[in-house]
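The structure under discussion appears below in the form of structure tokens.
Proteins get letters first, then strands, A, B, ... in listed order; numbering begins at 1 in each.
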Protein chains: 2
Amino acid sequence: MRQAILDAAIDTFARNPGASLSEIATRAGVGRASLHRHFASRADLIAAASQQCMDEIDAATAEALKDARTARDRLSRMLEAVVPLGDRYQFLVSETVDDESVRKRYEDELDWLAHLVDDLKAEGVIAADAPRSWAVANIDAQVWLAWSEVAAGRLAPAHAADLALRTLLEGLAP
Amino acid sequence: MRQAILDAAIDTFARNPGASLSEIATRAGVGRASLHRHFASRADLIAAASQQCMDEIDAATAEALKDARTARDRLSRMLEAVVPLGDRYQFLVSETVDDESVRKRYEDELDWLAHLVDDLKAEGVIAADAPRSWAVANIDAQVWLAWSEVAAGRLAPAHAADLALRTLLEGLAP
DNA sequence: GAAGTATGATACAATAATGTCTCATATGAT
DNA sequence: ATCATATGAGACATTATTGTATCATACTTC
């Protein structure tokens, strides 16, 4: 039950940071009193959800990257790991999360991506003239795009990360 | 003043559909009483903002597309017209807007994009094997990406649509 | 300067949301 | 079946938000 509440919170708060706890409880299929039994306050729920999202992303990323040798390898593996967690990302960047340590951690993540972009340029995977922040933003966007197309049933989970990588590097042209 | 309220509403509701009217008023730099003088209720404010966004997008799109001859031309001109209105798009797809006629209009827009994708494939601009919904979602994403990079001052407005088009079709590779 | 209009701050009533608590019922373990 | 625990529904007090209204002050027009 606790996880159902967290999942409902992540999903709902990502799109509406002002959503009521009643709405979260309803979406989780539990009573509001039960929600309060698991999470003493709104802030507690958000903090727990934030922690879970960050832990999941960190674990998936660390596991995926441990054997990566090239920057391109890192990018590919990162996408494989993170696309299934697109909704977790979305929650963390939403206005719901207003915690300084989460902010810091997210900024570290962006920093890591920026360095990855630098390495991709050095390897000639990404064009040297592509604005760095533009490349970072596009990587982030592909994560969410792939996740939401899978969630909508319009894309097979097994192909999502590959398609995101291909679109990111080669675009949609033939 | 009325426009300042609408702009604040569009900007704020896009990210937090549950934002309070006090917050909107503050961001608009007006008193809450003044907000109510212009918009009798929350729903009225949202309806007016929705109408404005749709009108702006429709006008810009119609103007941009009137001389387009190829599908690629249409795409390029659509991006030029719509990137500066990325925040308007974001507002319309947010959970704030819960109006059936707006929903319908947005779906018509997606339908138009899907047909554009078909034409782009027929012209060989987009790969025939690219999933249709994937292409549509990527076009939408590039609008928002370009808009937000410009808003953050990381991208020059004059280059945004071009960069979006290039990234969409050719990706980030050299 | 005078008159008319607009505005922000504030108060108020009504409603919604939050956190706390109780109780009848459901669920799980034995 | 019995007992212990968990749960949802609802009540309650408090806080936040919304819509309405008032008033002193600011602003605009002449």
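In this structure, E23(A) atom CD and dA16(C) atom P are separated by 15 Å, rounded to whole Å. If you take CG of D44(B) and C1' of dT18(D), they are 13 Å apart, rounded to a whole angstrom. The separation between F13(B) atom CZ and dT18(D) atom C1' is 12 Å, rounded to whole Å. If you take CE of M1(B) and P of dT5(C), they are 17 Å apart, rounded to a whole angstrom. Rounded to whole Å, atom P of dT7(D) lies 13 Å from atom CZ of R2(A). Atom CZ of R37(B) and atom C1' of dC23(D) are 11 Å apart (whole Å). Between the P atom of dT7(D) and the NE2 atom of H36(A) lies a distance of 15 Å, rounded to the nearest Å.
Ion pairing of R77(B) with D73(B) is present here, as a side-chain N (NZ or NE/NH1/NH2) and a carboxylate O approach within less than 4.0 Å. In summary, D58(A) and R105(A) engage in a salt bridge, as defined by a charged side-chain N under 4.0 Å from a carboxylate O. Between R74(B) and D119(B) there is a salt bridge, since a side-chain N of the basic residue sits under 4.0 Å from a carboxylate O of the acidic one.
Between G29(A) and A40(B), the residue whose closest nucleotide on DNA chain D is further toward the 5' end is G29(A).
Judged by distance alone, with hydrogens and angles left aside, R42(B) brings no side-chain donor or acceptor close enough to the base of dG19(D) to form a pair under 3.5 Å.
For R32(B), the listed nucleotide lying nearest its side chain is dA11(C); candidates were dT18(C), dA9(C), dA11(C). Considering only side-chain atoms of H38(B), the nucleotide from dT7(C), dT20(C), dT18(D) that sits closest is dT7(C). The side chain of S20(B) has dT18(D) as its nearest neighbour among dG19(D), dG10(D), dT18(D). Candidate nucleotides dA9(C), dG19(C), dC23(C) were compared by shortest atom distance to the side chain of A33(B), and dA9(C) ranks first. For L21(B), whose side chain is taken as the heavy atoms from C-beta onward, the closest listed nucleotide among dT7(D), dG19(C), dT18(D) is dT18(D).
The aromatic rings of Y106(A) and Y89(A) sit perpendicular to each other, their planes meeting at more than 60°, with 30° as the lower class boundary.
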